[in-house]
Amino acid sequence: MKTAVLGTGSWGTALAQILCDNGQDVILWGIDPEQVEDINVNHHNSVYYDDPINPDLKASIDMNCIEDADIILAAVPTMALENVLTKAAAIVDHPVIVINVAKGFHPVTHDRLSNVIRHIMPADKLRAVVSLIGPSHAEEVIKRKLTAVNAVSLDEEAAKAVQELFSNSYFRVYRNTDEAGAEIGVAVKNIMAIASGILAGIGQGANARAALVTRGLAEMVRFGTANGGKAETYLGLDGVGDLVVTCTSTLSRNFMAGYQIGQDGSAANFWKNNKKTVEGVFACKVVYEEAQKQHIDMPITSAVYAVLYKDADPRDAITALMSRDLKSEEQK
């Protein structure tokens, strides 16, 4: 079974290395000739890592390298997913499993990414969609540090195939069929990671972070269950698990974006200078707009939205959160 990984970024490289470690047939596709040469000749991806990678891992700038793949893993940012998969769909001539690892929503339709993939891929070229998501930093996976994630799909046989393909002594894959719940969970947690970073950036401590994670989980459950997710999903890897890893680690781009915004006292510098993919920034806009439309109470999301899109001062946004009407924790 051959897997083609679209994207030579940090996560695509780390996941491709897992397959290489497992003795699987895998090829990386990327658009940067120097980066591809670095992988093939130097056995490094120096743009992202100091560590060497599996010397058997190969990469190509020719997308035709995917034509005989059984599985296509899309490791590109949410904003690029539609364009890259449209090109891929024109090359393959047989049904494939498409694995998505991005965490977000379509920026215009607000649809979940599995549904976006179904709209892009012709029915006769799509065997199943699987989301490989959960609490994971590529920087740790590339070092082969212990990690657990979920293979989430409406097609449990496809999820099982992905589970068996990737699982090894340092990377454990579970299965989940709650596609809506899991995909919403891993997108919403990025918003909470930005909020957590803002708290750290203005000098708040562990108490504030614990409150943020707990109340952020409440928002995740509220929004997720209103949009088809199961409440129990949020007690698993794609809920509290992903919340913990992204709200507490400097390896999280979302956390670090929030941290810089908190230190700056504004999002202006972030918008002017950021060149990294920070999925939570775009997820925040989608979730905020959907929550307003559906009348779902999302105070932390609203506060992050105000900082990002209304030029609110982070300290003022936090003061407003702390000054909300007092309520019972059991109150939804």
Side-chain angles (χ1 to χ4, degrees), residues 78 103-105 107 110 184-227 234 239-240 242-250 252-272 274 276 278-332:
T78 298
K103 300 174 177 180
F105 304 95
H110 297 181
I184 289 169
V186 298
V188 172
K189 62 88 187 178
N190 282 333
I191 305 168
M192 302 308 155
I194 293 173
S196 183
I198 289 172
L199 286 174
I202 67 171
Q204 291 297 326
N207 291 352
R209 185 175 294 168
L212 182 280
V213 170
T214 307
R215 297 311 302 167
L217 179 61
E219 288 195 21
M220 181 187 288
V221 173
R222 199 177 301 136
F223 186 83
T225 54
N227 285 277
Y234 302 110
V240 68
D242 223 350
L243 262 177
V244 169
V245 80
T246 49
C247 289
T248 62
S249 175
T250 56
S252 166
R253 292 180 182 181
N254 293 282
F255 177 89
M256 291 309 296
Y259 183 80
Q260 190 63 56
I261 290 168
Q263 288 205 316
D264 292 341
S266 163
N269 187 50
F270 168 83
W271 286 118
K272 182 178 179 180
N274 178 66
K276 296 180 179 179
V278 182
E279 296 278 24
V281 168
F282 307 106
C284 182
K285 186 174 187 295
V286 171
V287 173
Y288 173 81
E289 291 175 355
E290 287 298 316
Q292 292 289 303
K293 190 188 306 180
Q294 300 176 43
H295 305 291
I296 303 170
D297 188 30
M298 303 282 282
I300 300 172
T301 300
S302 297
V304 174
Y305 179 86
V307 171
L308 290 174
Y309 294 100
K310 295 184 177 180
D311 199 30
D313 184 294
R315 293 179 184 272
D316 292 342
I318 291 167
T319 298
L321 278 174
M322 294 298 288
S323 303
R324 297 175 70 238
D325 290 342
L326 300 177
K327 60 191 288 189
S328 166
E329 187 183 33
E330 298 170 336
Q331 204 172 334
K332 292 184 178 180

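Note that the numbering runs from 1 along the sequence shown for the chain. All values reported here derive from a predicted model rather than from experimental measurement.
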Measure across [X] and [Y] and return the closest heavy-atom pair with its distance rounded to 0.1 Å.
X	Y	value
Ala226	Gln294	O-OE1, 4.2 Å
Gln292	Ser302	NE2-OG, 4.4 Å
Ala283	Ala187	CB-O, 3.9 Å
Val278	Phe270	CG2-CE1, 4.0 Å
Gly224	Ile184	CA-CG2, 3.8 Å
Val307	Ala317	CG2-CB, 3.8 Å

Once you round to the nearest 0.5 Å, how far does [atom1] of [X] lie from [atom2] of [Y]?
X	Y	atom1	atom2	value
Tyr309	Trp271	OH	CH2	4.0 Å
Asn190	Arg253	CG	CZ	11.0 Å
Cys284	Met298	SG	CE	9.0 Å
Arg324	Leu326	CZ	CG	10.0 Å

Any side-chain heavy atom of [X] sitting closer than 4.5 Å to one from [Y]?
X	Y	value
Val245	Phe255	no
Met256	Thr250	yes
Glu289	His110	yes
Asn254	Thr246	no
Val287	Ile296	no
Phe105	Thr78	no

Handout entry: Counterpart residues, side-chain contact (heavy atoms from CB on, under 4.5 Å), relative to Thr319 (two or more places apart)
Key =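 Applying side-chain contact (heavy atoms from CB on, under 4.5 Å) to Thr319 gives Ser323.
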
Exercise for the section: Return the set of residues passing salt bridge (charged side-chain N to carboxylate O under 4.0 Å, His left out) with Glu219 (not counting sequence neighbours), or none when no residue passes. Expected result: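 Counting only residues at least two positions away or on another chain, Glu219 forms no salt bridge (charged side-chain N to carboxylate O under 4.0 Å, His left out).
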
Practice task
Determine whether the side chains of Asn274 and Gln260 contain a donor N or O and an acceptor N or O closer than 3.5 Å.
Solution key: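 Per modelled atom types, Asn274 and Gln260 side chains form no pair under 3.5 Å.
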
Mind listing the side-chain donor-acceptor pairs of residues 193-218 below 3.5 Å, one per line with the distance, residues two or more places apart or on another chain?
{"residue": "Ser196", "atom": "OG", "partner": "Cys247", "partner atom": "O", "Å": "2.6"}
{"residue": "Arg209", "atom": "NE", "partner": "Cys247", "partner atom": "O", "Å": "3.4"}
{"residue": "Thr214", "atom": "OG1", "partner": "Ala210", "partner atom": "O", "Å": "2.7"}

Does [X] have any side-chain hydrogen bond (donor to acceptor under 3.5 Å, both in side chains) partners at least two apart in sequence or in another chain, and if so, which?
X	value
Tyr259	Gln263
Asn269	Asp264, Asn273
Thr225	none

